[in-house]
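Below is one structure; the comments refer to it alone.
Quick caveat, the model's predicted, so the values are computed rather than measured.
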Amino acid sequence: MTRRFLFVLASSRPDGNTELLARRAAEQLPSDVEQQWIDLTAHPVPDFEDLRHDSDHVRPTEGPVALLLDATLAATDVVIASPLYWYSVSAQAKRYLDHWSGWLRTPGLDFKSTMAGRTLWGVTALAHQEPEVADPLAGTLNNSAAYMGMCFGGVLLGNGSRPGDVLKDTDALARAKTFFAREAPLARFPYEAA
């Protein structure tokens, strides 16, 4: 399968530091790698309604959820570009991931087996000097990938609070040059790593 990247922009701020860093990393992808960018502010996803014990899930056919489902299924690589909000992913990113629960239960979709072996990546900007504060965000993405049988490419971290600050983070910009070139291992839950 030809590589196809889906970049899910999950920030409250257009052209924010996280998006700037993600675009810098994406510039390094080979020209034959397809890229699709979906901004969750422009395509707001409704709150997920858990119907697993009440009714069958139906495949969405229109609106933002259908757009994201189709794009997710078409992607070999899904990149969650979420700023660090209260030490985890943004509400927009969390809503997108919550909808995975419904897609897992949608008849005929085989969402989990379709996504198995594909790669989940993260990109985030944080207004903190110690990168360990982003561990909960990385854990959310790693564990989501592990549950799905996906590979996890890790999280590209950049520092920035005010708009454009991440472009001054020379270490992050250097990491962005090779971030997507790395081989992503199969994701494992922390208890499996021992």
Side-chain angles (χ1 to χ4, degrees), residues 5-29 35 37-45 47-48 68 72 75 77-101 119-148 150-194:
F5 275 70
L6 169 62
F7 289 86
V8 180
L9 301 177
S11 176
S12 300
R13 179 186 297 162
D15 301 317
N17 287 305
T18 297
E19 180 178 348
L20 291 173
L21 187 57
R23 290 196 183 275
R24 285 295 175 98
E27 288 172 1
Q28 310 306 315
L29 290 170
Q35 297 179 31
W37 294 74
I38 298 179
D39 184 342
L40 296 181
T41 301
H43 303 280
V45 177
D47 286 338
F48 173 68
L68 280 161
T72 302
D77 297 80
V78 177
V79 182
I80 306 289
S82 171
L84 186 71
Y85 287 156
W86 287 104
Y87 310 103
S88 192
V89 295
S90 67
Q92 295 94 322
K94 183 66 170 65
R95 270 195 297 278
Y96 165 64
L97 291 171
D98 284 348
H99 278 276
W100 286 23
S101 295
T119 304
L120 184 64
W121 306 84
V123 178
T124 191
L126 58 149
H128 210 280
Q129 296 302 317
E130 289 77 16
E132 295 83 7
V133 300
D135 287 352
L137 180 146
T140 293
L141 297 180
N142 175 77
N143 292 346
S144 298
Y147 180 79
M148 297 295 290
M150 298 175 73
C151 297
F152 182 54
V155 179
L156 174 61
L157 297 171
N159 188 274
S161 179
R162 299 179 65 77
D165 273 357
V166 77
L167 298 178
K168 300 173 196 167
D169 185 345
T170 55
D171 290 339
L173 296 177
R175 288 190 301 274
K177 289 183 182 291
T178 59
F179 184 63
F180 293 127
R182 299 177 303 125
E183 188 69 30
L186 186 64
R188 299 269 185 231
F189 287 106
Y191 60 81
E192 297 175 315

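- Residue L20 comes nearest to G164 through the heavy atom pair CD1-CA, 3.9 Å, listed as atom of the first residue, atom of the second, then distance.
- Interatomic distance, CD of E19 versus CG of L9, reported as 4.5 Å (0.5 Å rounding).
- Atoms CG and CG, from L6 and L120 in turn, are 10.0 Å apart once rounded to the nearest 0.5 Å.
- Atom CE of residue M148 and atom CG of residue N143 lie 13.5 Å apart, to the nearest 0.5 angstrom.
- Considering only heavy atoms from C-beta on, F7 stays 4.5 Å or farther from R23 through its side chain.
- Closest of all the heavy-atom pairs between R162 and R13 is C-NH1, 4.2 Å.
- In terms of heavy-atom proximity, L156 sits nearest to F179 at N-CZ, 3.4 Å.
- Around OH of Y147, the count of heavy atoms belonging to other residues, nucleotides or ligands within 6.0 Å does not exceed 12.
- Remark: the backbone N or O of A181 is not paired with any side-chain donor or acceptor of T178 at under 3.5 angstrom.
- Closest non-hydrogen pair, V155 versus V123, comes out as CG1-N, 4.3 Å.
- Summarising the geometry of S11 relative to Y85, their closest heavy-atom pair is OG-OH, 3.7 Å, with the distance given to 0.1 Å.
- More than 12 non-hydrogen atoms from other residues, nucleotides or ligands lie less than 6.0 angstrom from CD of E27.
- Looking at Y96 and V89, their side chains never come closer than 4.5 Å, going by heavy atoms from C-beta outward.
- The stretch residues 124-136 participates, sequence neighbours left out, in these side chain to side chain donor-acceptor pair (under 3.5 Å) pairs: H128-E130.
- Considering only heavy atoms from C-beta on, R24 comes within 4.5 Å of L173 through its side chain.
- The side-chain heavy atoms of F180 and V79, taken from C-beta on, include a pair separated by under 4.5 Å.
- Closest approach of A93 to L40, counting heavy atoms only: N-CD1, 4.2 Å.
- For the pair I80/T140, no side-chain contact is recorded, criterion being any heavy-atom separation below 4.5 Å from C-beta on.
- Going from atom OG1 of T18 over to atom CG of L84 covers 8.5 Å, rounded to the nearest 0.5 Å.
- Side chain of D169 to main chain of N159: a donor-acceptor pair is present (N/O by atom type, distance under 3.5 Å, no hydrogens or angles).
- Going from atom CD of Q92 over to atom OG of S12 covers 4.0 Å, rounded to the nearest 0.5 Å.
- L126 contributes atom CG, which lies 6.0 Å from atom CG of L157 (distance to the nearest 0.5 angstrom).
- Applying the ring pair (Phe, Tyr, Trp, His ring centres under 6.0 Å) rule to H99 yields the partners F48; only residues at least two apart in sequence or on another chain are considered.
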Full working for salt bridge (charged side-chain N to carboxylate O under 4.0 Å, His left out) between R95 and D98: CA-CA 5 Å; R95 270 195 297 278; D98 284 348; over 6 Å; no
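- Put simply, the side chain of S161 never gets that close to the backbone of A127: no donor and acceptor are under 3.5 Å apart.
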